Amino acid sequence: MSIYDTLNDRQKQAVMQIDGPVLILAGAGSGKTRVLTHRVAYLIDKAGVAPYHILAITFTNKAAGEMRERVDQIVGFGAEQVWVSTFHSTCVRILRRYIDRLGYDNHFTIYDADDQKGIMKEVCKKLQIDTKMLKERTILNAISSAKDELIDPQEYEMQNGFDYNGGKIAKAYREYQETLKKNNALDFDDLIMKTVELFKTDAQVLAGYQDRFRYIMVDEYQDTNTAQFELIRLLADGHRNLCVVGDDDQSIYKFRGANIRNILDFEKVYPEACVVKLEQNYRSTKMVLDAANAVIQNNTGRKDKALWTDKTEGERIHFRQFDTAYEEAEYIAGDVAKKKRKGQVSYGDCAVLYRTNAQSRLLEERFIMEGIPYDVIGGTNFYARREIKDVLAYLKTIDNGRDDVAVKRIINLPRRGIGATTILRVQEYADEREISFYDALREADQIMTIGRSAVKLKPFVTMIQSFRSKTEFFSLEELVKDVLETTGYLKELEESDEEDAADRIENIQELVNKVVAFEAERDEPAALSEFLEEVALVADIDRVEGENDRVLLMTLHSAKGLEFKHIYLAGMEDGVFPSYMTITSDDPMEIEEERRLAYVGITRAREDLTLTCAKQRMIRGETQYNPVSRFVREIPPLLLDNKPFSPKPREREVYQEDSREQSRLRAKPFAAAARPLAPAKPYAASPSAYTAREKPKAVPIRRGGGKAPLTVGTNPFGTGNAVKSSAEPVPAGRLGYAEGDRVRHARYGEGTVMKIEPGPRDSQVTVVFDEAGQKIMYAGFAKLQKV
DNA sequence: CGTACTAGTCTTTTT
DNA sequence: GACTAGTACG
């Protein structure tokens, strides 16, 4: 009995076909990850391949981590030599070694969307591009798409130079790249593109990696873009042992440049490819699977396949329609609570999926009211939050003085009286001499144009220099804490009376925790640059831990690759999902991508799937009236416990009113959930006829909104991981001390509590410390101990 | 130079 | 509805 006996025949074939190109078409829940990990084991165990020669690439760190873990389990000794990582991490690792061959410094920094925008702003100013006509974001998107297609500024110019905007973008692209290079920075797309460039220009480096990676595996292949495809192709050209795993029905990242042709045309690029289809689903009940199949069948141009299962029939799919989104949220939270009370579920078995991040708000409110622990994935990346970026900018400045963006971000933070004019003058000085902004700062007293302001720059430079010298003998944790304290950043926050100061402090604390965890993971002292690198490449989904018994709220996109016993798909309305954008688009392919997203959503469910929608929903401050999603209608009514009722198109008038208040009033708290649904129309009453006329006439979407969900804060049930704020104040009684008590603070020593003011998020505590004097701090962060 | 207010903006989805 | 960038003013 070997570990391979647990695989079905197809899976075995996929595992054992180790030589040459292999395309594994792995339907949802068909044991794809098992195949990949067993394949690694097989290569090492049976085929005698050295772990060192194996490369496995995924999209997210979470997926990479899981694979690593499972490979470690099966393979045991030597497994750590297998290179398992994401596209981006792989490229960073390669570039750190060799990017000097492209004229960059190996010590580069990685820019996120925020940094990019900052750079683009400067670029537009310099090129006198009117950002009202042509927005920074638009230009950056154009550049990003170009990079996904491996188009450099020169080529872009050739292709688009004749066009008015195209010409401007081409110039901006060129300037943008130059600025990045000057700052010794790469953006996300550069990581892939520069690696490809490196391979194409340096045969020696390429040959080295080709020789190393004799067996290559790529997960989620349907989501690769042209650049990633090229990267893989180059690497695999050495031995042609390339195994890609994917599902064309789950390709949902076109907007990010994913090219579905990569998987559809695999056999054209590799005619000798062996194709294995995994069609047995081990995850979902028949009901769920039938629904998924029914929906996806409406797409054209798919690879032919049919998922089947020998699992039980299962329950019918629940469908509930509500008057308002409030009632929808109420129902979902109530349903989870009910099931939990009955002992049918653990919170961790449940996930609520929705199309847009903004939809999480109402759900969160309800979950808090019901007292259900939850985590929200996505929204604003933790590392993109202002306070986190501030602290990271300090660390980046300490790490790499050439990152002008980071230096400028913190030079007047907290306030040091250094204003825009001074910064401009220093920049001019730097430009003249072609030195970095930071190096110019060091010569502040040489800069004639800034006059007396030079005095303010000196202490800043001295401080940074002193941090730098401390990196020698400080641990990362000590360094970060030192930065927080010495710069006065934390103090300013603690004394701030801003509404969200407590949340921000909490986030900083969370960052410190991450630093500690990062250091604990490795044996030798961790370098600052390694930490910054890791942090630059994490996605929100990476931070989901399996152990927490909490309901997960996330977008359909984030849910790919996950599975839950109970899935709620919220907001099943035409105009929300499929989104208004795709419905109105002339490109029929867009709705197909949306349908794939629905397929992904449905197939996340193991046993129990609930679809909900609301007749009325507030989006960006305006009320929309949307019909039931066409995807619900594409599910045979037999599979649903309630039938979608559709008003005749002419009755579905679209109007708007400022109804937030009214809806709130109407949505009685804890009211019973579903309205009785109208009797089902016969399903044969042509969903297609319906869909055809469905062009939602001017559902009033005003451009706007896109709000990030609530700021991160303390979930009353919180782990502090990707957690959003609740409205619960910390009850003063729970603090363990009261006014007049003597307390101890980790940094300030002992003191007396003068005042405790319960705040909206966290209590504010005023303490007079014996040594440090009076401080006003947030109880959650101060961690005061009664003495 | 810093702050307080106002006006305009918002890719659905993210490595 | 909310956030942010830009501007007017102290």
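Small disclaimer: the values here were computed from a predicted structure and weren't measured. Just so it is clear: chains get the letters A, B, ... in the order the sequence lines come, proteins before strands, and each one is counted from 1.
- Counting any heavy atom pair closer than 4.0 Å across all strands shown, Thr555(A) reaches sugar-phosphate atoms only and no base atom.
- As rounded to the nearest Å, dT4(C) and dT13(B) have P atoms that lie 16 Å from one another.
- Each of dC10(B), dC1(B), dT12(B) was ranked by its minimum atom distance to the side chain of Thr422(A); first place goes to dC1(B).
- For Glu495(A) (side chain) and Glu492(A) (main-chain N/O), no donor-acceptor pair under 3.5 Å exists by modelled atom type.
- Among the protein residues, Ile192(A) comes within range of no part of the nucleic acid, since none of its heavy atoms lies under 4.0 Å from any strand.
- As a whole-Å value, the separation of Arg595(A) CZ from dT12(B) C1' is 17 Å.
- Note on Asp223(A): nothing from the nucleic acid sits closer than 4.0 angstrom, heavy atoms only.
- The CD-P distance, from Glu590(A) to dT13(B), rounds to 15 Å in whole Å.
- Spacing between atom CG of Asp190(A) and atom C1' of dT15(B) amounts to 14 Å, rounded to whole angstrom units.
- Within residues 137-149 of chain A, the residues approaching DNA chain B are Arg137(A), Asn141(A), by heavy-atom distance under 4.0 Å.
- At a cut-off of 3.5 angstrom, counting only N and O atoms as typed in the model, there is a donor on one side and an acceptor on the other between the side-chain of His88(A) and the base of dT15(B).
- Side-chain contact between Thr612(A) and Met572(A): absent, with no pair of heavy atoms (C-beta onward) separated by less than 4.5 Å.
- Nearer the 5' end of DNA chain B, as judged by each residue's closest nucleotide, is the contact made by Ile423(A), out of Tyr253(A) and Ile423(A).
- Which of dT12(B), dT15(B), dT14(B) sits closest to the side chain of Phe188(A) comes down to dT15(B).
- The distance between atom NZ of Lys117(A) and atom P of dT11(B), rounded to the nearest whole Å, is 10 Å.
- Contacts of Thr582(A) with the nucleic acid, taken as non-hydrogen atoms under 4.0 Å apart, include base atoms.
- Here the CD1 atom belonging to Ile252(A) is positioned 11.0 Å from the CD1 atom belonging to Ile260(A), to the nearest 0.5 angstrom.
- Judged by a 6.0 Å distance limit and a 45° cone about the ring axis, Arg68(A) is not positioned over the six-membered ring of Trp83(A).
- Proximity note for Lys121(A) (side chain, C-beta onward) versus dG6(C), dT13(B), dT12(B): the nearest is dG6(C).
- Nucleotide dT13(B) holds its P atom 7 Å from the CZ atom of Arg355(A), rounded to whole Å.
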field: side chain to side chain contact (heavy atoms under 4.5 Å, CB included) between Lys560(A) and Phe59(A), intermediate numbers included
entry: CA-CA 11 Å; Lys560(A) 193 168 62 138; Phe59(A) 271 83; over 6 Å; no
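- Taking the ring centre of Phe108(A) as origin, the terminal cationic atom of Arg96(A) falls inside the region bounded by 6.0 Å and 45° from the ring axis.
- Counting atom types as modelled, Thr356(A) pairs no side-chain N or O with a base atom of dT12(B) as donor and acceptor under 3.5 Å.
- Annotation: proximity of residues 254-262 of chain A to DNA chain B (heavy atom, distance under 4.0 Å) is found for Phe255(A), Arg256(A), numbered in ascending order.
- dT15(B) atom C1' lies 9 Å from atom CG of Leu537(A), rounded to whole Å.
- In this structure, Arg415(A) places its CZ atom 10 Å from P of dA4(B), rounding to the nearest Å.
- dC3(C) atom P lies 15 Å from atom CG of Asn357(A), rounded to whole Å.
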